[in-house]
Amino acid sequence: MAKMPNEYVDLILTSPPYDEHLRKYNGNNKFEFEKIAVELTRVLKTGGVIVWIVGDGVVKGTESGNCFKQVLFF
């Protein structure tokens, strides 16, 4: 995304890594949500849409709340 100009795309559809215990990913996949979110909003045109598909991990009936934290950051 670093090579994309500001306000370049109309729609972003993504399914980023979920909570670390909800899905297993091979390799060293550090997910830097805040940096990615800033870049996504930078390349998105005014009036554009980001579709951010995520899920929370559930431990003993309690959700982690990570997806809501991401919503608040956006």
Side-chain angles (χ1 to χ4, degrees):
M1 285 185 288
K3 294 181 180 181
M4 292 178 163
N6 294 346
E7 298 191 27
Y8 187 65
V9 296
D10 295 295
L11 171 68
I12 297 169
L13 175 62
T14 184
S15 181
Y18 290 14
D19 279 343
E20 72 179 74
H21 300 295
L22 190 60
R23 298 278 190 274
K24 299 295 182 196
Y25 299 96
N26 294 327
N28 185 10
N29 296 324
K30 185 174 180 186
F31 181 62
E32 299 182 50
F33 163 71
E34 290 86 2
K35 289 181 181 179
I36 293 169
V38 167
E39 279 297 287
L40 290 176
T41 56
R42 180 187 66 78
V43 301
L44 188 68
K45 290 180 182 177
T46 300
V49 175
I50 296 174
V51 179
W52 186 263
I53 303 167
V54 294
D56 277 333
V58 178
V59 177
K60 296 182 182 178
T62 302
E63 293 182 359
S64 68
N66 285 334
C67 70
F68 189 69
K69 292 173 192 172
Q70 292 175 1
V71 167
L72 291 176
F73 187 86
F74 273 112

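Values below: all heavy atoms of this structure, side chains included; hydrogens, waters and symmetry mates excluded. Keep in mind it's a predicted model, so treat the numbers as computed, not measured.
Aromatic ring centroids of Phe74 and Phe33 lie under 6.0 Å apart.
Linking Ile, Leu, Val, Met, Phe, Trp and Tyr whenever their side-chain heavy atoms come within less than 4.5 Å puts Ile36 and Tyr8 in one cluster.
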Hey, can you pull the donor-acceptor pairs under 3.5 Å for the side chains in residues 41-55, sequence neighbours left out?
from	atom 1	to	atom 2	distance (Å)
Thr41	OG1	Ala37	O	3.2
Thr41	OG1	Val38	O	2.9
Arg42	NE	Glu39	OE1	3.3
Arg42	NE	Glu39	OE2	3.1
Arg42	NH1	Met4	O	2.9
Arg42	NH1	Asn6	OD1	2.8
Arg42	NH2	Met1	O	2.8
Arg42	NH2	Met4	O	3.1
Arg42	NH2	Glu39	OE1	2.9
Thr46	OG1	Glu7	OE1	3.3
Trp52	NE1	Gln70	OE1	2.7

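Applying the salt bridge (charged side-chain N to carboxylate O under 4.0 Å, His left out) test to Lys3 and every residue at least two apart in sequence or in another chain returns nothing. Not counting sequence neighbours, Glu34 has no partner by the salt bridge (charged side-chain N to carboxylate O under 4.0 Å, His left out) test.
Members clustered with Val59: none, using a 4.5 Å side-chain heavy-atom cutoff among hydrophobic residues.
Between the Asp56 side chain and the Asn66 main chain, a donor and an acceptor come within less than 3.5 Å of each other.
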